[in-house]
Each structure stands twice: as structure tokens, then as C-alpha cells.
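Before any comments, here is the structure.
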Amino acid sequence: MATAIFFASSTGNSEEIANKISAELNNIEIFDLAGTKIEKINEFDKLILGGSTWGDGELNDDWEDVWGNFCNLDLSNKTIALFGLGDQESYSDEFCSAMGIIYEQIVKSGAKIVGFTSTEGYYHDGSKAQINDKFVGLVIDEDNQSDLTDERIKIWVNEIKESIL
């Protein structure tokens with residue numbers, strides 16, 4: 001089996017990040033949840049899942065649409081890395097919390113999770129995606145720190161490459 005990226009993107013930012021991650025990983029397959037049945041995940045043993053946080057720390061609409069079916073997937077034999085987008089200035093209390101919601105479900109399913117990142121360099125008050133001084137995946141703030149995005153992706157991909165490919 002192979003590795004694939006599954007993402008949900010309401011504004012195009014998550015899609016752009018998924019494409020950048022794919023390019024760093026020699027162009028692995030990418031699937032937009034808006035046009036892909038969530039059961040497609042079953043075809044891969046290594047996954048990168050991503051999307052942005054909406055409202056008060058919620059999943060975006062495309063993740064919401066597949067959430068019930070996603071929660072029924074058996075992820076126990078999979079290795080998964082996560083990426084999330086958020087706005088740490090405007091939504092400081094729930095920065096990238098959607099990634100934390102996805103993480104909690106993956107933990108319940110028993111998957112191996114890789115790609116935790118430091119909270120250093122981020123300025124927020126709270127997040128469901130944070131455990132102590134680590135985020136549960138790659139965190140991107142295109143609204144306030146877009147100048148750091150490419151470097152953050154390169155560092156993260158280098159850290160997960162051995163586990164995810």
C-alpha cells in the first residue's frame with residue numbers, strides 16, 4: 001500500500017498546503033474530501049490528513065459532511081500525520097482546534113500518529129490540537145505567518161518522511 005493526502009478546503013488554503021506537502025514527498029496522491037468518498041482512505045496504509053478550523057474551533061463543512069463515516073473507519077493499522085490551518089490572532093482561543101478533533105478520533109481508532117510539532121513561534125491562547133508544548137501535527141497560519149509556511153512544511157516533511165513513505 002502507499003501514502004496519500006486527504007484534505008478539506010473551503011477557501012483553497014488547505015489545498016495549497018496539501019499540494020506543497022505532496023511536492024515535498026515526491027508528489028504523492030492527493031484527495032479533496034469534497035469530491036472523494038471517505039472510504040478511499042481504506043486503500044492506503046499511510047495517510048496525511050488536513051484541513052482548516054472554522055467558527056469556534058470546528059471542522060470545516062467538507063470534514064463535517066464525511067465525519068460520521070470517517071468515525072466508522074478502521075484506522076488501527078495505519079500511520080497518520082496531520083496538518084491544520086488556523087488564524088492565531090482572530091481565533092486565539094481555538095487555534096487549529098479542528099486538527100485536535102481529528103486527532104482525538106484517530107487516537108480512538110488506534111492508529112499510529114506521527115508529526116507532532118513545537119508550539120514555539122505561535123501566539124495563541126488555546127487549542128484542542130495542543131498537548132503540553134506540542135501540536136498534534138503541522139500547524140499553518142496563512143493569515144498571520146505565511147512567510148513561515150514553506151520552511152515549516154520542509155522541516156515537518158523531513159521529520160515524518162521516514163515514517164510516512
Side-chain angles (χ1 to χ4, degrees), residues 4-21 30-38 40-41 47-73 75-76 78-153 155-157 159-160 164:
I5 298 172
F6 289 81
F7 72 92
S9 188
S10 298
T11 64
N13 286 342
S14 295
E15 181 175 14
E16 182 180 333
I17 299 307
N19 283 316
K20 288 181 177 191
I21 292 169
I30 301 173
F31 298 94
D32 184 341
L33 292 175
T36 305
K37 292 200 178 288
I38 195 70
K40 182 88 174 158
I41 283 176
L47 304 164
I48 299 173
L49 305 176
S52 56
T53 298
W54 283 86
D56 293 324
E58 300 161 9
L59 297 169
N60 80 353
D61 290 343
D62 292 334
W63 264 111
E64 279 290 334
D65 289 346
V66 300
W67 189 248
N69 290 334
F70 177 75
C71 291
N72 290 324
L73 294 177
L75 305 174
S76 60
K78 299 190 184 301
T79 299
I80 301 175
L82 300 170
F83 72 92
L85 284 78
D87 178 342
Q88 63 193 313
E89 287 184 19
S90 299
Y91 300 96
S92 181
D93 291 338
E94 294 290 345
F95 180 54
C96 286
S97 283
M99 184 171 66
I101 294 168
I102 297 166
Y103 169 81
E104 290 171 5
Q105 180 57 40
I106 292 168
V107 167
K108 287 180 194 174
S109 183
K112 176 183 176 185
I113 302 169
V114 298
F116 288 69
T117 59
S118 173
T119 58
E120 189 174 325
Y122 297 91
Y123 308 97
H124 63 289
D125 295 320
S127 175
K128 290 181 183 111
Q130 183 176 339
I131 300 173
N132 299 319
D133 62 346
K134 297 277 187 188
F135 287 116
V136 297
L138 172 65
V139 170
I140 300 292
D141 184 344
E142 284 292 273
D143 296 312
N144 304 293
Q145 295 181 328
S146 60
D147 57 318
L148 302 175
T149 296
D150 290 345
E151 184 64 19
R152 284 177 171 161
I153 290 171
I155 290 169
W156 183 71
V157 165
E159 291 174 2
I160 68 165
I164 210 76

What's the separation between atom [atom1] in [X] and atom [atom2] in [Y], rounded to the nearest 0.5 Å?
X	Y	atom1	atom2	answer
T149	L138	OG1	CG	8.5 Å
L59	D65	CG	CG	10.5 Å
L75	K112	CG	NZ	15.0 Å
F70	E64	CZ	CD	12.5 Å
I113	L47	CD1	CG	11.5 Å
E142	S52	CD	OG	11.0 Å

remark   = Only one of I160, I164, V157 passes side-chain contact (heavy atoms from CB on, under 4.5 Å) with I21, and that residue is V157
Give the minimum heavy-atom separation between [X] and [Y], together with the two atoms involved.
X	Y	value
F83	I48	CD2-CG2, 3.7 Å
W63	L49	CZ2-CB, 4.2 Å
S118	Y122	O-CE1, 3.7 Å
Q88	N144	N-ND2, 3.8 Å
A129	C96	CB-O, 3.2 Å
D62	A34	OD2-CB, 3.5 Å

With a 3.5 Å distance limit and no angle check, can you tell me whether [X] reaches the backbone of [Y] through a side-chain donor-acceptor pair?
X	Y	result
T117	G137	yes
D141	D143	yes
S92	D125	yes

Which side-chain N or O atoms in residues 99-106 pair as donor and acceptor under 3.5 Å with protein atoms at least two apart or in another chain?
unit_1: Q105; atom_1: NE2; unit_2: C71; atom_2: O; d: 3.4

Give every donor-acceptor pair under 3.5 Å between a side-chain atom in residues 10-18 and any protein atom, sequence neighbours left out.
unit_1: S10; atom_1: OG; unit_2: N60; atom_2: ND2; d: 3.3
unit_1: S14; atom_1: OG; unit_2: A8; atom_2: O; d: 3.4

request  = Kindly indicate whether a cation-pi arrangement holds for R152 with F135, taking the cut-offs as under 6.0 Å to the six-membered ring centre and within 45° of the axis.
outcome  = no
task = Apply the test side chain to side chain donor-acceptor pair (under 3.5 Å) to residues S127 and Q130: give CA-CA distance (whole Å), side-chain angles for both, the deciding distance (0.1 Å), then the verdict.
result = CA-CA 5 Å; S127 175; Q130 183 176 339; 5.4 Å; no
key: Intermediate values then yes/no, side-chain contact (heavy atoms from CB on, under 4.5 Å), D32 and F7   = CA-CA 5 Å; D32 184 341; F7 72 92; 3.6 Å; yes
inquiry  = Tell me if the CG atom of N72 is crowded by more than 12 foreign heavy atoms within 6.0 Å.
reply    = yes
query = Among all residues two or more places apart in sequence or in another chain, which pass the side chain to side chain donor-acceptor pair (under 3.5 Å) test with T53?
reply = none
ask   = So do the side chains of I153 and I140 get within less than 4.5 Å of each other, counting heavy atoms only?
value = yes
